[in-house]
Amino acid sequence: MIDQDLLFKLLNSYGVSGFEERVREVIMAQMKGLVDDMRVDNLGNLICHKKGKGPKVMLAAHMDEIGLIIKEINSLGRIYFSLIGGIEPITLIGQKVHIETTVADKPLHGIISFSALHDGKEIPDKIPFVSSLYIDTGLEKKDILKAGVKIGNFVVPEQKAYFAGNKSVISGKSLDDRIGCYLLIMLAKRIKKLNQDVYFVFTVQEEIGLYGAKTSAYALEPDLAIAVDVTNANDALSADSNCLGKGPFITIKDSEMISSRSLNNHIQKLAKKKKIPLQLEVTDSGTTDAMYISISRSGVPSTVLGVVIRNIHSTISLASLKDIEHCLNLLELFLRDPVINSLATKSKSVKGKSA
């Protein structure tokens, strides 16, 4: 069963790249008592360790979300911003936003606009550049500054999680990758004892460069790794893969990496054995934490397992709860499977061949 309250709490928390503290606090409260130890490293990654005698398995999900950061407040009170991560500009127009301030628990709100929309004198014939978009709070500059807004403050689209067409489809911001965070928490709750040495790693700054994965993998030196993330749906018109509601996906190849064949083959066998629907992804765009993990130190057999979402890298997305549940079941099967031991041993002992 899906823990709706926890999932929605994660989705509704604010945590753009570089400002993940609130999300981390939510996760730490959930992971307390489920693992043997927790620590926050120098970059801000949350590393939760469930001790075991088997191979060292790293499961990574990133806490950060795409957003904005203030770069200018002009004399008219227009707040201009820079993007944090890749956001489709068309999805920003008309959005209500949450502006972090220096006054504790007193955010400011506004809407994103641009001059042609602002005065309504003409219908725009093209999408405006991000540089021409601004946040309008309705306040003058002096009142904005008094409210605690300054250059460098973070801004997040104001989108609360809710059920869309029915109780099996959710919509909200930050599905990328609070879904992954949710899956790791629920996995830790389900599994009380393991032979493997498991690290649940909640990474930072994935959206701007996969930096949290790079530093945490270097420190942990895992034997195997799975990035638990999301990917974009291909089912706007028709598709054979990356479809909403057709099960979790596993990445064979993305724009930056080719996943471990041994891991992928094993996960596919598990899914087939337990009749869990699984989609195979080959894409020419995007990458995940798995890329930097896979090339850490002398290399780590790695792959990506996760959930397909629609409207990725926009201010609001869609996901299937059935896909989330199937992904959780498959991750649990993987961790409980004793074959993990041989996969890790094989990756160490067989030289000159792809893992």
Looking at [Y], is its backbone amide N or carbonyl O close enough to the side chain of [X] to form a donor-acceptor pair, meaning the two atoms are under 3.5 Å apart?
X: Lys56; Y: Leu220; value: yes
X: Asn311; Y: Ser317; value: no
X: Asn265; Y: Arg261; value: yes
X: Ser296; Y: Ser294; value: no
X: Lys106; Y: Ala147; value: no
X: Ser259; Y: Lys253; value: no
X: Ser255; Y: Gly286; value: yes

Would you name the heavy atoms of [X] and [Y] that are closest together and state the gap between them?
X: Gln159; Y: Asn12; result: O-OD1, 3.9 Å
X: Ala61; Y: Cys181; result: CB-N, 3.6 Å
X: Pro248; Y: His326; result: CD-CB, 3.6 Å
X: Leu321; Y: Phe163; result: CD1-CE2, 3.7 Å
X: Gly44; Y: Met63; result: O-CE, 3.7 Å
X: Ser260; Y: Pro301; result: OG-CB, 3.9 Å

* To do: If a pair satisfies side chain to side chain donor-acceptor pair (under 3.5 Å) and one of its residues is in residues 15-44, list it, with sequence neighbours excluded.
  => Ser17-Asp64, Arg22-Glu100, Gln30-Lys189, Asp41-Asn45
* To do: Please collect all side chain to side chain donor-acceptor pair (under 3.5 Å) contacts where either partner lies in residues 169-179, sequence neighbours excluded, each pair once.
  =>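 Those involving residues 169-179 are His62-Asp176, Glu65-Lys173, Glu65-Arg178, Ser174-Arg178, Asp176-His313.
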Within-4.5 Å side-chain heavy-atom neighbours: [X] and [Y]:
X: Arg78; Y: Asp136; answer: yes
X: Asp323; Y: Ile309; answer: no
X: Ser216; Y: Thr203; answer: yes
X: Leu328; Y: Arg190; answer: yes
X: Thr231; Y: Ile312; answer: no
X: Ile47; Y: Val40; answer: no
X: Met31; Y: Ile185; answer: yes
X: Leu68; Y: Ile84; answer: no

* Working for side chain to side chain contact (heavy atoms under 4.5 Å, CB included), residues Lys141 and Leu76 -> CA-CA 6 Å; Lys141 182 176 181 178; Leu76 296 174; over 6 Å; no
* Salt-bridge contact Asp289-Lys214 (side-chain N to carboxylate O under 4.0 Å) -> no
* Partner of Thr287 under side chain to side chain donor-acceptor pair (under 3.5 Å), chosen from Asp254, Asp229, Thr251 -> Asp254
* Any pair with a residue in residues 293-322 that passes salt bridge (charged side-chain N to carboxylate O under 4.0 Å, His left out), sequence neighbours left out, goes on the list, sorted by first then second residue, please. => Glu221-Arg297, Asp235-Arg310
Give a yes or no on whether [X] atom [atom1] has more than 12 heavy-atom contacts from other residues, nucleotides or ligands under 6.0 Å away.
X: Asn166; atom1: CG; answer: yes
X: Lys160; atom1: NZ; answer: yes
X: Gln4; atom1: CD; answer: yes

[atom1]-[atom2] distance between [X] and [Y], expressed to the nearest 0.5 angstrom:
X: Ile250; Y: Leu305; atom1: CD1; atom2: CG; answer: 5.5 Å
X: Glu158; Y: Ile316; atom1: CD; atom2: CD1; answer: 11.5 Å
X: Glu325; Y: Asn329; atom1: CD; atom2: CG; answer: 5.0 Å
X: Ile293; Y: Thr288; atom1: CD1; atom2: OG1; answer: 7.5 Å
X: Leu278; Y: Leu270; atom1: CG; atom2: CG; answer: 10.0 Å
X: Leu11; Y: Ile179; atom1: CG; atom2: CD1; answer: 6.5 Å

Find out if a path of hydrophobic residues (ILVMFWY) with successive side-chain heavy-atom gaps under 4.5 Å connects [X] to [Y].
X: Met291; Y: Leu224; result: no
X: Val198; Y: Val228; result: yes
X: Ile87; Y: Ile135; result: yes
X: Leu184; Y: Val201; result: no
X: Ile66; Y: Leu318; result: no

* In this structure, which one of Leu183, Asp337, Ile191 forms a side-chain contact (heavy atoms from CB on, under 4.5 Å) with Glu332? -> Ile191
* Check the pair Ile111 / Thr137 against side chain to side chain contact (heavy atoms under 4.5 Å, CB included), numbers first and verdict last. => CA-CA 7 Å; Ile111 59 170; Thr137 64; over 6 Å; no
Can you tell me if [X] and [Y] form a side-chain donor-acceptor pair at under 3.5 Å?
X: Glu88; Y: Ser314; value: no
X: Gln279; Y: Asn242; value: no
X: Thr303; Y: Asn264; value: yes

* Please list all pairs passing the ring pair (Phe, Tyr, Trp, His ring centres under 6.0 Å) test where one or both residues lie in residues 174-212, with sequence neighbours left out. =>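 Every pair satisfying ring pair (Phe, Tyr, Trp, His ring centres under 6.0 Å) with a residue in residues 174-212: His49-Tyr199.
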* Scan for ring pair (Phe, Tyr, Trp, His ring centres under 6.0 Å) pairs involving residues 73-103, sequence neighbours excluded, and state none if there are none. => Tyr14-His98, Tyr80-Tyr134, His98-His109
* Asked: Where do Ile79 and Val155 land on the side chain to side chain contact (heavy atoms under 4.5 Å, CB included) test, with the steps shown first?
  -> CA-CA 11 Å; Ile79 302 174; Val155 180; 5.9 Å; no
* Asked: Hydrophobic cluster mates of Met1, side-chain heavy atoms under 4.5 angstrom, ILVMFWY only, any path?
  ->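 Answer for Met1: none, a lone residue.
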* To do: Please lay out, stage by stage, how Asp223 and Val300 fare under the test side chain to side chain contact (heavy atoms under 4.5 Å, CB included).
  => CA-CA 6 Å; Asp223 298 309; Val300 180; over 6 Å; no
